[in-house]
Amino acid sequence: MNFSFFFKKNLLIGSKHCIKVLDTRNYHTSLPLLISYSNPRMSTESEVKPVVENGSEAISNVVAEQATQQDSILDNIDLTQYKVQEEGSASILYQPDNVFYNPIQQYNRDLSILSINAWNEIYATERIEKKLKKLSNRKPADLENGSNKKQKLGSNESGEQNEKVITQETQGDVVTKTKEQEEEEIKKVELRPFANILEALSASGLRAIRYGKEIPLAEKVVANDLSKEAVESINMNIEYNKLTGKVVGNEGDAINYMHNNTNKFHVVDLDPYGTAAPFIDSAINSIKDDGLLLVTCTDLGVLAGNGYPEKCFALYGGTNVWNDATHESALRLVLGMISRTAAKYKKYIEPQLSLSIDFYVRLFIRVRTSPIKVKELASETMITYLCSGCSSTHNQYLGKVVENPNGKTKQNNKKYGLAKGPPIGSNCPFCNYINHVTGPMWGGNLHNHEFIDKVLELQSKADDKIYKTLPRIKGMLTMAKQELQGHDTSFYFKTTTLSSILRCQAPPIEKLASALGNLGYESSLTHAMAACIKTNAPMEVVWFVGKKWCLADETFKMDRLKETTAGYRIMNNEEIGKNINLSEIMKEKNVYDEYK
């Protein structure tokens, strides 16, 4: 067999110890095969020839075996007994009496695909930039220390001196590359399919098949399920969608599979019915450094309800904030549980997108290894004091981080310690009702604006015939990006809750936001609930504005409030807003308006 002729039919990618052959003939997908050899220095045709011949023969056997399997599955079933469910670019065969398809979750799947594509691009771009930076910082000595590599100056056709030219000598062959050519090679390598994706609880396999079809940088997708019947259906639909080799069905317990799998995944997707808590340890250990973890929890009766605080604590290590912002606290409880789990393995999390959607929460999280960043976990974890009368909240962080002026290295440039507290006493300072303790939960940011921008960029270019939920994705992500974030931002609340406590007309969100803005504070809406407002103003300022709103309302009557109610106590609490100088604020505003 002629060695050069073999290269024309196949792509051969060389490495130190193996050659990866990708068959490029007209099959449904490329079939990878690793061919190892014991002598990495062998280079002559006679030495390589038997290995290549064996590899070619093995590829033929794999193709024949898969063709036989396809015949045995698709040819041995009566397709008239099946219906076809189409979603995105995937088509799923199913029997009418055994259907497992949830059309409401198409939004989840559309968003997940766009988000994984966004992460893939960000991840690849970061790797390219890192390698280009390393290339630009490379010195001649670095190359001379390498095996058979030299660096020397070349010149172009006009005689002008080029940037550094890399000359690599191997077995008598000389390959000369300019710096620009090396940069192009780096980009080509990093932008080819690389992502290994795991859908740990696959069920119908629709999501995994869509991942295989609609994520260009996906190299392999594993669709795992405990049910033998489900995996058989998954394998049938993999072949029906011509994804054999790229999408693989696996029958097994998700926890055991993730724990025992030696090949880590770039992306792990957990979408169970109920809580994802039991799967987090294994998922954290099965994901590559800087990988993307997708988590769904549908048990909002526990996460966002008030009936099972003991179960919420058992599953998520905290209790929820039972007021208007219960869905935000649900997000923070799940993030808190994941962050503490990751910390046990010297890993920390960076929430990219955290959404409360319909009957579930959906989180997109980057998982990175850094023992130093793990030290900041206490300063990103909080408990919240919740008033049982007026629903006011006060956050208490469990740790603090300060800059170390004497620190000279990355390891000691920060000091870690305990936070001061509590921020309030056992009774609410506004209505004197009892305060309850909730949490602990995640107190850091819920979203990454760069990530959201990339998802919205892909959303704007996506085909609305494939992604049916694009308008909703744009609306929710735009709202999420505009949400206030930071340690000084409180939980959101409804203006109607304000009015129900004070027994007055509900202030329009625009007027409430304007009043807070005039006092020097910011406000925003939230994706989690309509007609709610988030602000970095303290609760004292919120109640101060509420009191002023009531007094300006001609329909407001104090006799509607009973003396024992929270509203009555707030309206008669002279300490609220005592340190707010309205005349000074108005004076500054008038000066600003005149200047403007």
Side-chain angles (χ1 to χ4, degrees), residues 321 323-325 327-329 331-332 380 382 384-387 390-397 419 421 423-424 428-431 443-447 449 478-502 504-553 566-567 570-571 573-596:
V321 178
N323 67 356
D324 293 339
H327 288 274
E328 180 180 338
S329 71
L331 292 169
R332 294 188 178 278
E380 296 286 4
M382 68 182 186
T384 297
Y385 292 87
L386 171 66
C387 175
C390 64
S391 295
S392 296
T393 57
H394 294 82
N395 297 332
Q396 168 69 65
Y397 285 84
I424 54 172
C428 176
F430 312 126
C431 69
N445 290 342
L446 296 178
H447 314 295
H449 289 171
T478 301
M479 187 75 75
K481 183 185 175 183
Q482 294 173 353
E483 287 181 9
L484 283 181
Q485 299 193 114
H487 283 201
D488 57 351
T489 302
S490 60
F491 286 96
Y492 62 80
F493 60 91
K494 296 178 181 178
T495 58
T496 53
T497 299
L498 204 70
S499 65
S500 67
I501 292 172
L502 298 178
C504 65
Q505 292 186 9
I509 289 181
E510 297 83 356
K511 289 194 175 183
L512 181 58
S514 296
L516 294 172
N518 287 331
L519 293 174
Y521 300 99
E522 296 179 295
S523 302
S524 74
L525 300 175
T526 174
H527 81 278
M529 188 170 291
C532 288
I533 186 170
K534 282 179 72 74
T535 179
N536 58 2
M539 287 306 301
E540 179 184 1
V541 175
V542 174
W543 288 122
F544 174 77
V545 171
K547 289 175 65 175
K548 293 298 181 183
W549 170 260
C550 289
L551 296 175
D553 183 7
I570 289 172
M571 292 301 297
N573 189 340
E574 298 298 330
E575 295 297 317
I576 296 177
K578 185 176 181 180
N579 298 321
I580 299 175
N581 191 336
L582 277 181
S583 59
E584 187 65 27
I585 292 172
M586 294 307 297
K587 181 180 177 181
E588 292 179 2
K589 186 177 185 301
N590 291 334
V591 171
Y592 172 76
D593 289 342
E594 290 177 6
Y595 174 78
K596 188 176 178 181

Does Ala325 offer a backbone N or O that forms a donor-acceptor pair with the side chain of Asn323 under 3.5 Å? yes
Measure across Cys431 and Ile570 and return the closest heavy-atom pair with its distance rounded to 0.1 Å. CB-CG1, 4.2 Å
By side-chain contact (heavy atoms from CB on, under 4.5 Å), Ile424 pairs with (sequence neighbours left out) Tyr385, His394, Pro429, Asn435
Least distance between heavy atoms, Val545 atom then Ala515 atom: CG1-CB, 3.7 Å
Between Cys390 and Cys428, which heavy-atom pair has the shortest distance, and what is it? SG-SG, 3.7 Å
With sequence neighbours excluded, what pairs up with Glu540 under the side-chain hydrogen bond (donor to acceptor under 3.5 Å, both in side chains) test? none
Under the salt bridge (Lys or Arg N to Asp or Glu O under 4.0 Å) rule, what do Lys578 and Glu574 come out as? Steps first, then yes or no, please. CA-CA 7 Å; Lys578 185 176 181 180; Glu574 298 298 330; over 6 Å; no
Just jot down the salt bridge (charged side-chain N to carboxylate O under 4.0 Å, His left out) partners of Lys547, sequence neighbours excluded, or say none. none
For Ser514, is there any backbone N or O sitting under 3.5 Å from a side-chain donor or acceptor partner on Asn518? yes
Would you indicate whether the side-chain heavy atoms of Trp543 and Ile501 approach each other to under 4.5 Å? yes
Name every donor-acceptor pair, under 3.5 Å, that has one atom in a side chain of residues 486-493 and the other anywhere in the protein, sequence neighbours excluded.
from   : atom 1 : to     : atom 2 : distance (Å)
His487 : NE2    : Glu380 : OE1    : 3.3
Thr489 : OG1    : Gln485 : O      : 3.3
Ser490 : OG     : Thr535 : O      : 3.2
Tyr492 : OH     : Asp324 : O      : 3.4

Donor-acceptor contact present, side-chain Trp549 to main-chain Gln505, <3.5 Å: yes
Nearest 0.5 angstrom please: Leu551 CG to Leu502 CG, how far? 9.5 Å
Closest approach of Thr526 to Cys532 (non-hydrogen atoms, all atoms of both residues): CG2-CB, 3.8 Å
If you measure from CG on Leu386 to OG on Ser391, what distance do you get to the nearest 0.5 Å? 6.0 Å
Non-hydrogen atoms of Ser523 and Leu516 that approach each other most closely: OG-CD1, 3.5 Å
Minimum heavy-atom distance between Leu519 and Phe544, given as atom pair plus value: CD1-CD2, 4.3 Å
Kindly indicate, with the supporting measurements, whether the criterion side-chain contact (heavy atoms from CB on, under 4.5 Å) is fulfilled by Glu328 and Val321. CA-CA 9 Å; Glu328 180 180 338; Val321 178; over 6 Å; no
Rounded to the nearest 0.5 angstrom, the NE2-NE2 distance for His327 and His527 is 10.0 Å
List for me each residue that meets side-chain contact (heavy atoms from CB on, under 4.5 Å) alongside Ala419, sequence neighbours excluded, and say none if there are none. Gln396
Do the side-chain N and O atoms of Glu483 and Ser524 include a donor-acceptor pair separated by under 3.5 angstrom? no
side-chain hydrogen bond (donor to acceptor under 3.5 Å, both in side chains) partners of Asn395, counting only residues at least two apart: Thr384
